[in-house]
Amino acid sequence: MAIELQTKNKTDVLKIGRYELSSRLILGSGKYKSLDIMRQCLEASETAMMTVAIRRVNLQDRSETSFRNAIPPHIKILPNTAGCFNLQDTLRTARLARELLETDLIKLEVLGDPQTLLPDTELLLQATKILVKEEFTVLPYTNDDPIMARKLVEAGAAAIMPLAAPIGSGLGILNPLNIRFIKDVVTSVPIIVDAGVGTASDAALAMELGVDGLLMNTAIAEATDPVQMALAMNHATTAGRLAFLAGRMPKRNQAAPSSPSQGTVQGS
C-alpha cells in the first residue's frame with residue numbers, strides 16, 4: 001500500500017486553482033439516509049472536498065446536530081448552484097455562497113430543463129465569464145462537448161466538469177471517446193467527471209481515461225451499503241489513476257505469448 005499512499009497523498013495531488021487536494025474523489029452531500037451515514041461515507045472515501053447545494057441546505061445552522069457540523073473540519077466545502085435554471089438565480093446563489101462560506105470556490109450549474117437535468121451551456125458560459133471577473137474559482141458542470149470545454153477554459157474556468165451520463169442515472173461512462181476528446185483539448189486545468197458514475201468499475205474506467213478526478217453522490221448515497229460503496233469508490237479512483245500513470249499494454253487483435261520462444265527446450 002506504500003505506492004497507493006505516495007501517489008494519492010503526497011506526490012500526486014489534485015490542483016484546482018490555488019487549492020490542492022489530497023484525494024481525487026469529491027463527494028456530493030445529497031440523498032443520504034442520515035447525517036451519520038454521510039459522515040461515515042466521507043471517512044471511508046477519504047475525500048478532501050464535498051459539494052453542497054446552497055439552495056437546499058441550511059449552512060447557517062452550526063448546532064451539534066446540524067448538517068454543517070456533520071462535515072469534518074478538514075474537508076473543504078465546494079458550494080454549488082444546483083437547482084438553478086436561469087442566469088439571475090445562478091449568479092445570486094453563487095454570490096450568496098461566497099458570503100455564507102467565505103470562499104471563492106463555486107461549482108457552477110445552470111440546468112436546461114428539470115427532466116433531463118442537462119446543462120444549459122450557453123448560460124453556463126455567460127455565468128462563468130461573469131463570476132471569473134468577480135474573482136470566483138469556477139468549476140462549471142457541463143456536457144461532454146470538447147468545444148464547450150475549450151470555451152469554458154478560455155473564459156477562465158479553474159476546472160472542467162463534464163458529465164459521464166445524466167445526473168443520478170448511474171449509467172456509467174456513456175461516451176468515453178468524448179471524454180478523451182476533452183482531455184486532448186483541455187490541458188491547462190483539471191478535468192473532473194461529474195454525474196453518471198454508478199459503481200466502482202465506472203470510477204476506475206473514468207480515471208483510466210486520464211481525467212484528473214471524479215465527483216459523485218447518488219452512486220454512494222443510494223447503494224445498499226453506502227459506506228462500503230464509498231470505500232470501493234475510494235480504491236477504484238486510486239486504482240484507475242495508478243493504471244493511467246502506469247500506461248496500459250497495447251491492445252492486439254491476436255494472441256501474443258507471454259513467455260519468450262527463444263531459448264526454450266526443443267524436443268528431439
Please check: side-chain N/O of S45 versus main-chain N/O of A230, any donor-acceptor pairing under 3.5 Å? no
Are the side chains of K107 and D194 in touch, meaning some heavy atoms are under 4.5 Å apart? yes
Membership question, hydrophobic clusters at under 4.5 Å side-chain separation (ILVMFWY): are I182 and I173 in the same one? yes
Are any non-hydrogen side-chain atoms of P79 and V52 less than 4.5 angstrom apart? no
For G28, does its backbone N or O pair with a side-chain atom of T51 as donor and acceptor, under 3.5 Å? no
L117 side chain reached by Y141 side chain, heavy atoms, under 4.5 Å: no
Any donor and acceptor pair, going by atom type alone, linking the side chain of T199 with main-chain N or O of S201 inside 3.5 Å? no
What's the separation between atom CD1 in I220 and atom CE in M229, rounded to the nearest 0.5 Å? 8.0 Å
Heavy-atom side-chain proximity of T121 to K151 below 4.5 angstrom: no
From CA spacing to verdict: salt bridge (charged side-chain N to carboxylate O under 4.0 Å, His left out), R95, E99: CA-CA 6 Å; R95 291 161 181 160; E99 289 185 21; over 6 Å; no
For T137 and A158, work out which heavy atoms get closest and say how close. CG2-CB, 3.5 Å
Mind listing the closest non-hydrogen atom pair of N217 and S29 along with its distance? OD1-N, 3.7 Å
Quick one: pull up CE in M216 and CG in L27 and give me the separation to the nearest 0.5 Å. 7.5 Å
How far does CZ of R24 sit from CD of E46, to the nearest 0.5 angstrom? 14.5 Å
Could you give the distance from CG (D12) to CG (L242), rounded to the nearest 0.5 Å? 8.0 Å
Closest approach of V197 to A203 (non-hydrogen atoms, all atoms of both residues): CG1-N, 4.0 Å
Does some side-chain heavy atom of E134 sit less than 4.5 Å from a side-chain heavy atom of L91? no
Quick check: do T218 and K31 have side-chain heavy atoms less than 4.5 Å from each other? yes
Taking all non-hydrogen atoms of both residues, which atom of T90 and which atom of A127 are closest, and how far apart? CG2-CB, 4.4 Å
Heavy-atom pair with the smallest gap, counting every atom of I54 and L101: CD1-CD1, 4.2 Å
Any chance the side chains of T116 and D113 put a donor and an acceptor closer than 3.5 Å? yes
Do E43 and R39 meet the salt-bridge criterion of a basic N to acidic O distance under 4.0 Å? no
Qualifying residue for side-chain contact (heavy atoms from CB on, under 4.5 Å) with C41, from N234, V227, L231: V227
Minimum side-chain heavy-atom gap T128-L108 below 4.5 Å: yes
Residue that, paired with V211, satisfies side-chain contact (heavy atoms from CB on, under 4.5 Å) out of I192, V186, V193: V193
I106, L78, I160 screened by side-chain contact (heavy atoms from CB on, under 4.5 Å) with L139, the one that passes: L78
Please examine the side chains of D184 and P146, heavy atoms only from C-beta on, and report whether any two atoms are closer than 4.5 Å. no
Interatomic spacing from CE in M49 to CG in L21 - rounded to 0.5 Å: 4.5 Å
Taking every heavy atom of M50 against every heavy atom of Y32, the minimum-distance pair comes out as CE-CE1, 4.2 Å
Nearest-0.5 Å distance that lies between atom CG in L152 and atom NZ in K129: 9.5 Å
Report yes or no: does D144 contribute a side-chain atom to a donor-acceptor pair with the main-chain N or O of N178 at less than 3.5 Å? no
